[in-house]
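Below is one structure, written out as structure tokens; comments come after it.
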Amino acid sequence: MAAGECQTRNTSENDDDASDAPPPLDSEDIALLKSYGLGPYSVPIKDIENEIKKHQETVKELIGIKESDTGLSQPSQWDLVGDKQMMQEEAPLQVARCTKIIAGEEENG
């Protein structure tokens, strides 16, 4: 070998393309690829998250949470006693005062 000559070769002894194809994957290889990158607790955590979602759905059905167009809060959050006391303490609001009555057209007939 002369000085400055490449010491590695980029050619292989087998130039057969059919032998270079990887063997087909079996079920063990597929299971390994699916579990690759998962932590030791990822499967139990996913199961518990699904269970939590299921329990949230049942709780929503039992307490009857419904979207309201009026914007009212849930009845469990109402403070009826406090609201009644506040209404008694405050002076009633005066919206308008009638100062003149306009006579309409009279129908004689």
Measure the spacing between [atom1] of [X] and [atom2] of [Y] and express it to the nearest 0.5 Å.
{"X": "Ser27", "Y": "Leu32", "atom1": "OG", "atom2": "CG", "answer": "11.5 Å"}
{"X": "Met86", "Y": "Glu89", "atom1": "CE", "atom2": "CD", "answer": "9.0 Å"}
{"X": "Glu51", "Y": "Lys46", "atom1": "CD", "atom2": "NZ", "answer": "15.0 Å"}
{"X": "Asp29", "Y": "Asp26", "atom1": "CG", "atom2": "CG", "answer": "4.0 Å"}

More than 12 heavy atoms of other groups within 6.0 Å of Glu28 CD: no

Matching residue for Ile52 among Lys54, His55, Gln56 - test: side-chain contact (heavy atoms from CB on, under 4.5 Å):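 Of the listed residues Lys54, His55, Gln56, the side-chain contact (heavy atoms from CB on, under 4.5 Å) partner of Ile52 is Gln56.
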
Single-linkage hydrophobic cluster Ile48~Ile45, side-chain heavy atoms < 4.5 angstrom: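 Different hydrophobic clusters.
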
